[in-house]
Amino acid sequence: MRRLSSTLVITRLSHLFLRTLRDDPADAEVPSHKLLVRAGYVRRIAPGVYSWLPLGLRVLRQVERVVREEMDGIGAQEIALPALLPREPYETTNRWTEYGDGLFRLKDRKGADYLLGPTHEELFTLTVKGEYNSYKDFPVTLYQIQTKYRDEERPRAGILRGREFVMKDSYSYDLTDEGLSQSYQAHRDAYERIFTRLGVKYVIVSATSGAMGGSASEEFLAESEIGEDTYVRSIESGYAANVEAVKTIAPAPIPVDGLPEATVYDTPDTPTIATLVDWANGALDRTVSAADTLKNVLVKVRQPGGEWELLAIGIPGDREVDSKRLGASLEPAEYELLSDADFAANPFLVKGYIGPKALLENGVRYLVDPRVVDGTSWITGADAPGKHVVGLVAGRDFTPDGTIEAAEVRDGDASPDGVGTLTSARGIEIGHVFQLGRKYTDAFEVDVLGENGKPVRPTMGSYGVGVSRLVAVIAEQHHDDKGLRWPAEVAPADVHLVIANKDDAAREGAEGLATALDAAGLNIILDDRKASPGVKFKDSELLGVPTVVVVGRGWAEGNIEIRDRFTGESREVAVDGAVAEIVSAVRG
Ligand code: ATP
Ligand code: MG
């Protein structure tokens with residue numbers, strides 16, 4: 001651990017404001033949450049709202065320090081904006097409304113609307129607009145490490161998903177697209193250094209389908225079973241992406257010449273894919289699987305400010321619609337499933353037997369999975385109860401309005417980069433880099449004087465790191481069943497020195513050792529409590545300082561013990577020369 005100030009004193013457990021708990025808190029499900037509470041790092045105040053106690057605050061400050069060093073390292077400049085913000089800028093960008101229930105809104109005594117900032121694109125843009133007005137001022141990158149507020153629907157796992165949390169947010173302003181790419185790349189590189197220093201195992205996933213130009217948005221996900229984000233990757237190529245961003249590889253079109261004609265069959269009681277496949281395997285002289293059927297799923301879609309419209313989605317019957325992928329494909333429009341009333345209002349929709357024909361004849365927008373290429377032949381609904389059509393060929397018998405990425409992605413699907421197959425895994429979002437472009441500079445009409453005397457509108461990037469979330473993420477990735485195991489860079493101390501011998505001489509010796517280690521520049525927690533060695537050892541494991549030093553029975557023979565909390569290894573060393581041994585154990 002690097003010292004935060006030169007005046008740190010030895011932390012005595014007899015004095016430290018700390019109460020460790022033997023039992024897991026009742027509301028905790030994930031290891032990091034249980035351990036951070038049990039080890040007295042954080043305490044719950046309300047759902048998603050936590051206090052930081054001394055050791056927790058130290059770890060948080062260490063994470064902040066690493067983030068700050070790397071941000072300063074790319075020339076970003078730290079400022080601090082308020083968390084309490086007026087409504088107007090968020091009204092200008094429509095986020096006052098768009099943010100929905102996620103925003104904490106409040107009124108002042110005069111009845112004016114305020115909010116607690118969930119993210120600060122508006123305010124940074126206004127701040128830059130207020131100070132800078134010439135091309136000579138650019139590029140500029142500003143950041144803050146600040147408390148954010150979001151009224152999350154499901155606060156979770158203690159500080160992992162809080163309603164009050166600490167974020168590093170930075171914003172770059174460039175005059176050219178090239179400049180924006182450079183600022184983006186600088187952040188991406190800085191994030192890699194940050195997460196590596198913090199000892200976090202992570203992957204970088206493309207967050208959008210690349211419609212905005214490839215690397216317009218990427219997320220850093222910490223690898224974790226308990227993560228809420230599912231991503232897929234190809235072990236063979238290193239490709240990784242959010243499920244929403246996966247593009248299906250479309251097969252090559254098939255010539256339609258010579259394909260059998262479409263035929264309608266009576267298929268009583270076959271409203272599901274399974275019943276339809278059973279029927280086909282009995283009635284047709286070939287083997288049919290769900291992948292040979294075309295399932296048509298109906299939703300209604302509304303563009304912002306628009307009317308509800310029907311949308312039909314055709315996907316191979318062996319796949320389900322993935323609601324997240326569908327939502328991402330339709331954005332910014334919203335969608336809903338059809339109600340019975342909607343079906344009643346559109347009698348051509350025959351539940352269980354919907355086919356492309358009726359959809360297209362009735363002007364319903366019809367988008368299909370990219371696998372439904374021209375020349376593919378399908379078994380699908382014939383728009384009458386108990387009837388299906390066999391051999392309906394895309395591009396010959398029906399022409400959809402386009403394709404949509406809405407079908408689920410499955411393990412074993414081909415990787416979009418053409419190398420290997422996809423496997424899914426879970427992660428926790430710890431950082432996000434995003435090329436925003438001119439959305440906010442347009443909204444606030446930020447124009448600066450260009451080199452040629454004409455006005456130029458800066459283009460913007462926005463970049464976030466979940467600082468408080470990282471404390472939980474590090475705990476999640478670095479613990480065992482006994483407790484936390486902090487990487488050196490963020491540990492609340494370098495050495496946890498346990499006095500496990502009641503003799504006055506040993507006690508004094510331990511005090512002397514602590515003083516010497518402190519003088520050598522190490523940060524020491526000294527367990528000088530009047531408690532049993534067993535209790536002290538348990539606490540040392542729970543608190544998770546990387547190096548534990550024990551002054552115990554061996555003292556009489558002139559020995560102390562050094563334990564490595566990471567590897568679990570322990571060894572005896574002579575008291576003479578112990579300081580040098582411990583310093584080298586800590587500094588590695
Ligand atoms: P998530 O999908 O996890 O809600 P987000 O997409 O809303 O994250 P951003 O708006 O990009 O996140 O915020 C930047 C970073 O702030 C995230 O990468 C994440 O690490 C962190 N963060 C976001 N929401 C929370 C929260 N409720 N509690 C703690 N950290 C958060
Ligand atoms: Mg969020």
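When a ligand or atom number is given, it counts from 1 through the structure's own listing order. Below, all heavy atoms of this structure are taken into account, side chains as well, without hydrogens, waters or symmetry copies.
- Per-residue contacts place E152 under 4.0 angstrom from the following atoms of ligand 1 (heavy atoms of the residue considered): 24 (N), 26 (C), 27 (N).
- Listed by number with element, the atoms of ligand 1 under 4.0 angstrom from any heavy atom of M167 are 13 (O), 14 (C), 16 (O).
- Considering both main-chain and side-chain atoms, G162 comes within under 3.5 Å of ligand 1 through a nitrogen or oxygen pair.
- W52 does not carry R61 over the face of its six-membered ring by the limits of under 6.0 Å from the centre and within 45° of the normal.
- No side-chain N or O of D151 forms a donor-acceptor pair with one of Y99 less than 3.5 Å apart.
- Applying the 4.0 Å criterion to heavy atoms of G431 picks out, from ligand 1, the atoms 18 (O).
- Considering F165, Y463, F434, F220 only, the shortest heavy-atom separation from atom 24 (N) of ligand 1 involves F165.
- Distances shorter than 4.0 angstrom do not occur between any heavy atom of T119 and any atom of ligand 1.
- Considering each of E429, R161, E164, H432, the one bringing a non-hydrogen atom nearest atom 20 (O) of ligand 1 is E429.
- Here E219 has no heavy atoms under 4.0 Å from ligand 1, in either its backbone or its side chain.
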Working for salt bridge (Lys or Arg N to Asp or Glu O under 4.0 Å), residues D108 and R87: CA-CA 11 Å; D108 72 5; R87 168 178 175 163; over 6 Å; no
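- A 6.0 Å sphere centred on CZ of R44 holds more than 12 heavy atoms belonging to other residues, nucleotides or ligands.
- Taking a 4.0 Å cut-off on heavy atoms, L160 registers as neighbouring ligand 1.
- Y202 and F220 have tilted rings, their planes meeting at an angle from 30° to 60° on a 0 to 90° scale.
- For the pair S468 and ligand 1, the shortest N or O to N or O distance does not fall below 3.5 Å.
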Chi angles and distances behind the side chain to side chain donor-acceptor pair (under 3.5 Å) call for H187, S172: CA-CA 9 Å; H187 271 89; S172 66; 5.4 Å; no
R95 and E122: CA distance, side-chain angles, deciding distance, salt bridge (Lys or Arg N to Asp or Glu O under 4.0 Å) verdict: CA-CA 9 Å; R95 289 215 286 186; E122 285 82 352; 2.7 Å; yes
